[in-house]
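Note that these values count all heavy atoms, side chains included, but never hydrogens, waters or copies made by symmetry.
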Amino acid sequence: MQLSAKTFERNQYTERVLQFGEGNFLRAFADWMIHKMNKEVNFDSSVVVVQPIENGLVDKLNEQDGLYTLYLQGIKNGEAISEYEVIQSISRGINPYSSFNDYLETAKNPDMRFIISNTTEAGIYFEENDKFDAKPQKSYPAKLTRWLYERYETFEGDKDKGMIIIPCELIDRNGDKLKDIVNKLADQWGLDEGFKNWINKANVFCNTLVDRIVPGYPRDRMEAITKELGYDDQLVVEGEQFHLWVIEAPAWVEKEFPARELGLNVLFVEDMTPYRTRKVRILNGAHTSMVPVSYLYGLRTVRESVEDDVMGQFVKEAVFNEIIPTLSLSKEELESFAADVMDRFRNPYIKHYLISIALNSNSKYRTRVLPSVLKYKELNGELPHKLTFALAALIRLYKGEYNGETINLKDDPTLLDLYQELWNQEQVDYKDIVSRVLELEDLWGHDLNQVEGMTDQVVGYLELIDQKGMDAGLKEVLG
C-alpha cells in the first residue's frame with residue numbers, strides 16, 4: 001500500500017508558503033514545524049514546493065500527495081527516543097523546468113506570505129547569464145526575482161503583498177546576500193524603480209541559522225521500516241530530535257510565524273551573530289578539539305568519545321571551562337546549549353565517525369577553536385590547556401600514522417606535504433615542528449609563535465603525546 005491521500009486521511013490548508021527545495025533537510029525541519037503549527041496553533045498554511053534544479057523529487061512528492069513519514073531519533077528528555085509521524089504540510093510540488101507557468105501562477109495567489117529555501121550553500125549566487133525571459137532561470141536568486149516581479153505586477157506594487165523570505169542555506173548573512181543578488185538582477189534586467197522599491201520596502205529578507213542533523217533517507221533500514229509502518233513510503237526521512245532555528249527579523253515576524261507558541265526551538269532575534277558564534281565555538285569547536293585527541297586515544301566515533309570516562313571529561317572541560325567563558329551570551333543560555341550538544345553527541349541512532357570530521361582540520365581549528373584560545377588568553381592571562389592540547393594532538397595526528405596505523409587524512413596537499421617534511425626529519429625536533437606550523441600566517445591569520453607561551457605549551461604537549469602516548473597526555477592535561 002502506497003502512502004497517499006487515498007490511503008491516509010489528511011487535512012487541507014491554505015497555500016501560504018512557497019518553498020525552494022524538496023530535499024531531506026527542509027522536510028525534516030521547516031515543513032515539520034509548519035505541520036506542528038497547523039495542528040496545534042491553527043497556522044493554516046500549506047507549502048508549495050518548487051524543485052530548484054531540473055532533476056529532483058517533486059514527481060515522487062506529488063505521487064504521495066505531499067505526504068511523507070518523518071522519524072525523529074535521539075536524546076529527548078534524557079532518554080533515547082525514536083518516533084515517527086506522517087507530515088501533512090506540503091500540498092503539492094512544481095517543477096519549473098517542465099511547468100514554468102504553474103510556477104509563476106503561484107505568485108498571483110493573494111494568500112502567499114512566506115518563502116523558504118534550502119538550495120545548498122552554493123545556491124545563493126549571482127549568475128550573470130540568467131535572463132528575465134528564461135523559462136526558468138538557472139539560479140535560485142534569479143528564479144526568485146522573476147517570481148517576485150510577477151507578484152509585483154499582479155498586485156500593482158501593493159506593499160501588503162510583500163513576502164517574508166527565510167533562506168536556510170548554510171552561509172553567513174544568507175538573507176542579506178540573497179537580497180543583494182535580487183537587487184543586482186533587477187538592475188541587470190532593467191526592471192523599473194517601482195519594483196526595486198517594492199523589493200526593499202515591502203519584503204523582509206531574514207538572516208537565519210539552522211541546526212538539525214538530518215541523515216536523510218534510511219535506505220539500509222527500509223525493509224524493517226516498511227514493515228513497521230504498514231505502507232510504502234519513498235520519501236521517508238530521518239532527523240535528530242534536536243532542532244534550532246535562529247531568525248533575525250523584525251519583531252512582528254514572530255507574530256506571523258508562531259513557532260514559539262508551541263515551544264519549538266525557534267528564536268527571533270535582532271542580531272543572530274552571538275548565536276552563530278555560539279554554535280561555531282561550542283558545537284563545531286567541540287568536534288574539532290575532540291577529533292585528534294580521541295582518534296589518537298583509540299576511539300573512532302563521536303558517541304564513543306563523549307561516553308568514554310576520560311575523553312568525556314576532556315570534552316566537557318574544554319567546552320564548559322575554556323570555551324563558554326569566552327562567549328557573550330548568558331552563562332545559563334550557553335550551558336543549556338552545551339548540554340544539548342552533549343546529548344546530540346550521545347545520539348545512539350547516528351554513527352558520526354571522527355575521521356569524517358577530520359577533513360581540513362587545521363583550517364577548522366582556526367575558525368572554530370583558535371578564537372576561543374585567544375579570547376581565553378585575553379581574559380585570563382594564560383592559555384587554555386585543553387584547547388592547546390588539542391592543537392598539539394592535531395599536529396601529531398598529521399604525522400599520518402600512530403602506533404603503526406596509517407591515518408587517512410584529507411587536507412590541502414601543500415599542508416600535508418609540509419607535515420610530512422617536518423615529521424620525516426632524521427632527528428625529531430618538536431620545537432622546530434611546532435614553530436614551523438604556528439608561523440603559517442596564511443593558515444592561522446597571524447604567526448601564533450607571537451602569542452605569549454603558545455609555542456612552549458604546544459611543544460610540551462606534543463612531546464608528551466609522541467613520547468609517552470595519548471593515555472599519558474590526557475592524564476596530565478586532566479590533572
If we ignore angles and hydrogens, is there a donor and acceptor under 3.5 Å between the side chains of [X] and [Y]?
X: Ser139; Y: Tyr125; result: no
X: Ser89; Y: Asp31; result: no
X: Tyr13; Y: Asn11; result: yes
X: Gln64; Y: Gln2; result: yes
X: Tyr97; Y: Asn55; result: no

Verify side-chain hydrogen bond (donor to acceptor under 3.5 Å, both in side chains) between Tyr297 and Ser305, making sure each step is shown before the conclusion. CA-CA 9 Å; Tyr297 189 58; Ser305 301; over 6 Å; no

Shortest non-hydrogen contact from [X] toward [Y]:
X: Glu240; Y: Leu72; value: O-CD2, 3.6 Å
X: Tyr217; Y: Gln234; value: CE1-O, 3.5 Å
X: Leu262; Y: Pro258; value: CD1-O, 3.7 Å
X: Arg27; Y: Leu235; value: NH1-O, 2.9 Å
X: Thr326; Y: Ser372; value: CG2-O, 3.6 Å
X: Leu443; Y: Ser363; value: CD1-N, 4.1 Å

Yes or no on side-chain contact (heavy atoms from CB on, under 4.5 Å) for Asn77 and Glu79, after CA distance, side-chain angles and deciding distance? CA-CA 6 Å; Asn77 299 324; Glu79 294 183 36; 5.9 Å; no

Determine whether a donor-acceptor pair (N or O, by modelled atom type, separation under 3.5 Å) exists between the side chain of [X] and the backbone of [Y].
X: Asn207; Y: Ile247; value: no
X: Ser289; Y: Ala286; value: no
X: Asn38; Y: Asp44; value: yes
X: Glu127; Y: Asn129; value: yes
X: Thr14; Y: Arg16; value: no
X: Thr288; Y: Gly285; value: no
X: Gln19; Y: Glu22; value: no
X: Asp130; Y: Lys138; value: yes
X: Arg151; Y: Asn109; value: yes
X: Ser294; Y: Val291; value: no

Go through the steps to decide whether Glu85 and His35 satisfy the test side-chain hydrogen bond (donor to acceptor under 3.5 Å, both in side chains), and finish with yes or no. CA-CA 10 Å; Glu85 184 176 11; His35 170 78; 2.8 Å; yes

Please report the interatomic distance [atom1]([X]) to [atom2]([Y]), rounded to the nearest 0.5 Å.
X: Thr120; Y: Leu170; atom1: OG1; atom2: CG; value: 9.5 Å
X: Leu185; Y: Thr145; atom1: CG; atom2: OG1; value: 4.5 Å
X: Arg92; Y: Leu61; atom1: CZ; atom2: CG; value: 12.0 Å
X: Tyr231; Y: Leu229; atom1: OH; atom2: CG; value: 4.0 Å
X: Arg278; Y: Leu329; atom1: CZ; atom2: CG; value: 6.5 Å
X: Glu169; Y: Ile124; atom1: CD; atom2: CD1; value: 4.0 Å

Indicate, with yes or no, if the rings of Phe345 and His287 have centres closer together than 6.0 Å. yes

salt_bridge([X], [Y]) N-O dist < 4.0 Å:
X: Glu63; Y: Lys60; value: no
X: Asp180; Y: Lys177; value: no
X: Arg276; Y: Asp172; value: yes
X: Glu256; Y: Arg113; value: yes
X: Asp211; Y: Arg344; value: yes
X: Lys316; Y: Glu335; value: no
X: Arg146; Y: Glu150; value: yes

Using 30° and 60° as the class limits, which term best fits the ring planes of [X] and [Y]: parallel, tilted or perpendicular?
X: Tyr71; Y: Tyr84; result: tilted
X: Phe242; Y: Phe337; result: perpendicular
X: Phe25; Y: Phe29; result: parallel
X: Phe257; Y: Phe43; result: perpendicular

Side-chain heavy-atom pair [X], [Y] within 4.5 angstrom cut-off:
X: Asp308; Y: Phe314; value: no
X: Thr208; Y: Met272; value: no
X: Pro218; Y: Val236; value: yes
X: Val182; Y: Leu144; value: yes
X: Tyr275; Y: Glu248; value: no

Report the C-alpha separation of Ile165 and Cys206 in whole Å, then their side-chain angles, then the decisive distance to 0.1 Å, and conclude whether the side-chain contact (heavy atoms from CB on, under 4.5 Å) test is met. CA-CA 6 Å; Ile165 301 166; Cys206 305; over 6 Å; no

Would Leu244 and Leu267 satisfy side-chain contact (heavy atoms from CB on, under 4.5 Å), going step by step from the backbone distance to the final call? CA-CA 8 Å; Leu244 170 66; Leu267 306 178; 4.1 Å; yes

Worked check of side-chain contact (heavy atoms from CB on, under 4.5 Å) between Phe389 and Leu391: CA-CA 5 Å; Phe389 184 85; Leu391 179 55; over 6 Å; no

Do we get [X] above [Y]'s six-membered ring, with its NZ or CZ under 6.0 Å from the centre and within 45° of the axis?
X: Lys161; Y: Phe155; answer: yes
X: Arg212; Y: Trp245; answer: no
X: Arg300; Y: Tyr295; answer: yes

Crowded around [X] [atom1]? As in, over 12 foreign heavy atoms under 6.0 Å?
X: Glu405; atom1: CD; result: yes
X: Asp271; atom1: CG; result: yes
X: Glu83; atom1: CD; result: yes

With side chain to side chain contact (heavy atoms under 4.5 Å, CB included) as the test, pick out the partner of Met163 among Val204, Leu148, Val17. Leu148

